[in-house]
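So the structure is just underneath, and the comments pick up after that.
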Amino acid sequence: MEIKNIIFLLVLLAALGIFGYTARKVFGYLKIGKPENRFDHFDKRIGNVIAIALGQTKIFRDSVAGPIHAGIFWGFMILLLAVTESIGEGLIPGFSFSFLGPLYKVIAAATDLIALVVLVAVIFALFRRHVAGPKRLRELDRPSQMDATLILFAISLIMLSMFVQNGTRIALGDGADIAGSWRPISLMVAGMFGASGSTHVIYEIAWWVHIVLVLGFLNFLPYSKHFHVITSIHNVYFSNRGIRHEGDGALKPLDLEDETAKKFGANDVEDLTWKQLFDSYTCTHCGRCTSVCPANITGKLLSPKKIIVDTRTRFEEKAPLVTNGVEDAPELQKQLLHDFITPQELWACTTCRACVQECPVMIEHVDEIVDLRRYLALTEGEFPEQLQVLYRNLENNFAPWQFSPEDRGAWADGLEIPTLAELGSAQEIDYLFWVGCSGSFDARYKKVSVALA
Ligand code: SF4
Ligand code: SF4
């Protein structure tokens with residue numbers, strides 16, 4: 001082992017140690033959330049990962065940003081191999097995956113081309129973010145914009161240093177890179193260097209820049225919005241799409257008969273499930289959810305992205321205190337509801353689920369919005385004035401309007417349609433026509449009921 005390998009081993013152990021400590025801490029915070037089983041249906045969850053995370057099917061619905069993001073994602077998957085090789089090279093002099101034979105040459109060519117695609121995609125992403133992209137990207141708050149820009153610069157430096165590293169290795173011509181002729185971009189870079197001592201120094205500098213940036217990037221992730229690089233595949237795995245009714249649009253049932261419940265719904269992060277908290281780690285801040293939200297589009301306060309971002313802010317503020325047993329801190333006087341997310345935002349939601357449909361990393365906004373709203377309605381007894389009339393009517397008339405329940409079946413007078421109560425048993429019938437309130441009371445819809453019956 002050379003001195004370089006020993007230094008690198010120490011750097012690697014330090015970087016992995018810090019990352020392990022941070023990851024243990026931030027994932028440990030999820031324990032303050034409520035339990036929920038998302039570990040069943042392995043086959044269906046893997047199916048979701050293949051289609052949505054690896055196949056990037058949702059991302060491709062956006063014809064401009066889709067290919068860019070998918071390019072970056074797939075590129076990273078292949079570049080992981082190159083990073084692994086660099087790490088191996090740091091530990092064992094002359095290490096490479098060349099033992100893979102012809103496959104190594106294909107990987108080398110793919111890595112080179114993908115690194116170029118990633119570089120172009122990153123430059124385009126920077127252009128969209130700062131010069132001529134959609135408003136949702138250019139008008140991000142300053143910390144989010146800084147975070148994104150820093151990460152994009154880091155990615156481009158990682159790619160550039162890789163080209164210099166490979167190019168100088170080829171230029172040194174010591175046969176160390178058996179796939180040198182398969183790396184088109186690195187070959188061009190190699191043309192700028194001769195087989196000299198200074199080229200060797202540049203090679204070493206490029207190698208260290210590359211590897212230190214990769215390890216630094218890894219450690220920066222948990223503190224940035226780019227934490228999704230680590231969590232998004234897992235979040236897709238844990239989604240309930242195609243697994244439970246809630247994953248496909250149904251609201252979570254609520255046990256109103258539970259006499260032990262101290263409150264209904266959620267007003268702070270401990271009332272959310274660990275998965276809802278994990279959602280907040282996974283948001284990429286892409287803004288797709290808000291750009292399709294009908295409430296937001298029509299000028300209401302609601303932004304589903306803000307709901308998720310606020311949840312992470314509150315979660316990161318409160319979880320360390322709760323985890324460390326702190327009982328007296330100003331932050332503990334606050335709560336997610338009211339201090340971060342207002343009732344006006346929550347009541348603007350139509351529960352249409354367009355946000356969930358569009359979110360590329362399967363974040364479940366509606367469940368959280370409804371949980372917070374349930375707290376407002378059932379625990380605080382606070383809801384908009386329009387709903388007060390509705391709730392009173394539901395309580396007194398079993399319908400949203402002031403019609404007598406006695407008249408519910410009046411639309412069918414003279415049609416001789418038997419009711420289930422008259423038949424006495426569901427065994428006797430093939431079809432049950434569920435007329436609903438509009439079909440029973442609304443003048444226009446009553447005609448529809450008659451026509452259908
Ligand atoms: S479910 Fe609510 S938050 Fe989501 S898009 Fe529809 S209105 Fe907006
Ligand atoms: S919640 Fe999903 S769609 Fe909305 S900003 Fe975050 S990642 Fe994008």
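Keep in mind that this is a model prediction, so the values were computed, not measured. If you read the sequence from its start, that first residue is 1, and numbering goes on from there. First listed ligand is number 1; within each ligand, the first listed atom is number 1.
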*Say whether Arg353 and ligand 1 are in contact under the criterion: heavy-atom distance to a ligand atom below 4.0 Å.*
yes

_Checking side-chain polar atoms at under 3.5 Å, does His338 have a donor or acceptor matched by the opposite partner on Glu380?_
yes

*asked:* Taking N, O or S atoms only and a limit of 2.8 Å, check whether Cys286 reaches atom 2 (Fe) of ligand 2.
replied: no

*Distance only, no hydrogens: is a donor on one side chain within 3.5 Å (strictly under) of an acceptor on the other, for Asn240 and Glu246?*
no

_Check: Thr311/Ser280 side-chain N/O donor and acceptor closer than 3.5 Å_ = no

*Which ligand 2 atoms, with their elements, are less than 4.0 angstrom from a heavy-atom of Thr284?*
6 (Fe), 7 (S), 8 (Fe)

_Region of Val361 that comes within reach of ligand 2 [heavy atoms, distance under 4.0 Å]_ = side chain

*Could you list the atoms of ligand 1 found under 4.0 angstrom from a heavy atom of Val366?*
1 (S)

*Contact flag Cys289/atom 4 (Fe) of ligand 2, N/O/S atoms, threshold under 2.8 Å*: yes

*Is the number of heavy atoms from other residues, nucleotides or ligands within 6.0 Å of CZ (Phe153) greater than 12?*
no

*Kindly assign one of parallel, tilted or perpendicular to the pair His226 and His228, based on the angle between their ring planes and the thresholds 30° and 60°.*
tilted

*Which protein heavy atom lies closest to atom 8 (Fe) of ligand 1, and at what distance to 0.1 Å?*
Cys293 SG, 2.4 Å

*Looking only at protein heavy atoms, which one is nearest to atom 1 (S) of ligand 2, and how far off is it?*
His365 NE2, 3.1 Å

_Is it true that Glu85 and Tyr104 share a donor-acceptor pair across their side chains at a distance under 3.5 Å?_
yes

*Below 4.0 Å from any atom of ligand 2, is there a heavy atom belonging to His285?*
yes

*Considering heavy atoms of the protein only, find what lies nearest to atom 5 (S) of ligand 2 and give residue, atom and distance to 0.1 Å.*
Gly287 N, 3.1 Å

*Look at atom 6 (Fe) of ligand 2 and say which protein heavy atom is nearest, naming residue and atom and giving the distance to 0.1 Å.*
Cys283 SG, 2.3 Å

*Which residue holds the protein heavy atom closest to atom 2 (Fe) of ligand 2, what is that atom called, and what is the gap in Å?*
Cys359 SG, 2.4 Å

*Classify the ring geometry between Phe403 and Phe441 as parallel (under 30°), tilted (30 to 60°) or perpendicular (over 60°).*
parallel

*ligand 2 contacted by Cys355 (non-hydrogen, < 4.0 Å)*: no

*Please state which part of His228 comes within less than 4.0 Å of ligand 2, counting heavy atoms only: side chain, backbone, both or neither.*
neither

*Heavy-atom nearest neighbour in the protein, as seen from atom 3 (S) of ligand 1, with distance rounded to 0.1 Å*: Leu302 CD2, 3.5 Å

*Any side-chain donor-acceptor pair under 3.5 Å between Asn296 and Ser303?*
no

